[in-house]
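This chain uses plain numbering: 1 for the first residue, then up along the sequence.
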Amino acid sequence: MKYIVLGLGDYGRVLSEELASLGHEVIGADISESRVDAIKDKIATAFVMDVTDEMSLSVLPLNNVDVVIVAIGENFGASVRVVALLKQRNVQHIYARAIDDVHKAVLEAFGLEQILTPEVDAAHSLVERLDFSTHVETFRIDSEYCVMMFRVPPKMVGFLVSELNLTQEFGLRPISLKRAGKVTNFLGISLTECHVVTELAEDTRIQENDELVCYGKYRDFRSFWKAL
């Protein structure tokens, strides 16, 4: 896929580099020459330009890429102006970064495809890590419900999925399981390879280092974790 990233600060730079590393074509733009120099060899193309200037913005192939991402966050006015210019040019797929609730509310008025809240997401991630004292990957559906993936604690190893009573006792629905297994490549070297068990039968036995994926309320997951 093709992306344009407007704003190459810390967030825009990491975003651009990650997208490029996955094989996507990334065009970046920023008013800072030093920021552009730092990334120009890692993405397809990088321009030094003031993206809030309508004439400068017009040189970019805005309507010939899959998504345009406005990664500007700290400069509220610049972020809003760039989004307005993109809407004027009928850019269909716009993602924009919001740094607080006011910024998000203004961007929502443009009817964007996606509003990014990396600071909020990072805060949620840190709270979850502190709350559970382990790494938990979370995808929030809304303020109450989420999908959570976590490495099973030692107390769960050896039990059948049905014996965990996650649904009956905690209102959590097991969805799938990520399991690591040993494989040998053509050189005879033993490697660890993960596979996903999508059809999670009740008689599936939990193994060490399994990662379980559950759906339910965040508060119910907390109750479950505290009960372990």
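For the pair Lys87 and Leu112, the tightest heavy-atom approach, listed with the atom from each and the gap, is CD-CD2, 4.2 Å. Among all heavy-atom pairs drawn from Val65 and Lys2, the shortest one is CB-O, 3.6 Å. Across all non-hydrogen atoms, the minimal contact from Gly7 to Ala71 is O-CB, 3.5 Å. The shortest heavy-atom contact between Thr117 and Lys104 is CG2-CD, 4.3 Å. In this structure, Gly73 and His103 approach most closely via the heavy-atom pair O-CE1, 3.7 Å. Between Val36 and Asp30 the shortest heavy-atom distance is CG2-O, 3.8 Å.
Ion pairing between a basic and an acidic side chain is recognised when a charged N comes within 4.0 Å of a carboxylate O; Arg179 and Glu211 show no such pairing.
No side-chain heavy atom of Lys178 sits under 4.5 Å from any side-chain heavy atom of Asp210. Counting only heavy atoms from C-beta outward, the side chains of Ser176 and Leu200 never approach each other to under 4.5 Å. Within the 4.5 Å cutoff, no side-chain heavy atoms of Val213 are placed close to those of Leu177. The shortest side-chain heavy-atom distance between Tyr218 and Arg222 falls under the 4.5 Å cut-off. Two residues are said to be in side-chain contact when any heavy atoms from C-beta on lie closer than 4.5 Å; Ile115 and Glu108 meet this criterion. Using a 4.5 Å cut-off on side-chain heavy atoms (C-beta onward), Val157 and Asn209 make no contact. Counting heavy atoms from C-beta on, the side chains of Ile27 and Val5 never come closer than 4.5 Å. Contact check for Cys214 versus Val147: no side-chain heavy atoms found under the 4.5 Å cut-off.
Counting only distance, with no hydrogens or angles, the side chain of Gln92 and the backbone of Asn90 share a donor-acceptor pair below 3.5 Å. A distance-only check finds a donor-acceptor pair linking the side chain of Asp53 to the backbone of Ser56 [under 3.5 Å].
In this structure, CG in Leu212 is found 11.5 Å from CE in Met148, a value given to the nearest 0.5 Å. Atom CE of Met156 sits about 13.0 Å away from atom CZ of Arg151, to the nearest 0.5 Å. Atoms CZ and CG, from Arg81 and Asn75 in turn, are 11.5 Å apart once rounded to the nearest 0.5 Å.
Just one residue in the list Asp101, Val83, Val80 forms a side-chain contact (heavy atoms from CB on, under 4.5 Å) with Val106, and that residue is Val80. For the side-chain contact (heavy atoms from CB on, under 4.5 Å) criterion with Leu19, the lone passing option out of Ile43, Ile69, Val67 is Ile69.
Residue pairs that meet the side-chain hydrogen bond (donor to acceptor under 3.5 Å, both in side chains) test with at least one member in residues 154-164, sequence neighbours left out, do not exist here.
Hydrophobic clustering (ILVMFWY, side-chain heavy atoms < 4.5 Å, transitive): Leu116 and Phe76 are in distinct clusters. The hydrophobic cluster containing Tyr95 does not contain Leu57, counting ILVMFWY residues as joined when their side-chain heavy atoms lie under 4.5 angstrom apart, directly or transitively. One hydrophobic cluster holds both Val51 and Leu62 under the rule that ILVMFWY side chains link at heavy-atom gaps under 4.5 Å. Put simply, Ile72 and Ile94 are part of the same group of oily side chains (I, L, V, M, F, W, Y) that touch within less than 4.5 Å, one to the next. Following chains of ILVMFWY side-chain contacts shorter than 4.5 Å, one cannot reach Ile175 starting from Val196, and the two form parts of different hydrophobic clusters.
Every residue meeting the ring-ring contact (aromatic ring centres under 6.0 Å, His included) condition with Phe170, not counting sequence neighbours, appears here in chain and number order: Phe224. Glu74 meets the side chain to side chain donor-acceptor pair (under 3.5 Å) test with Arg97; sequence neighbours excluded.
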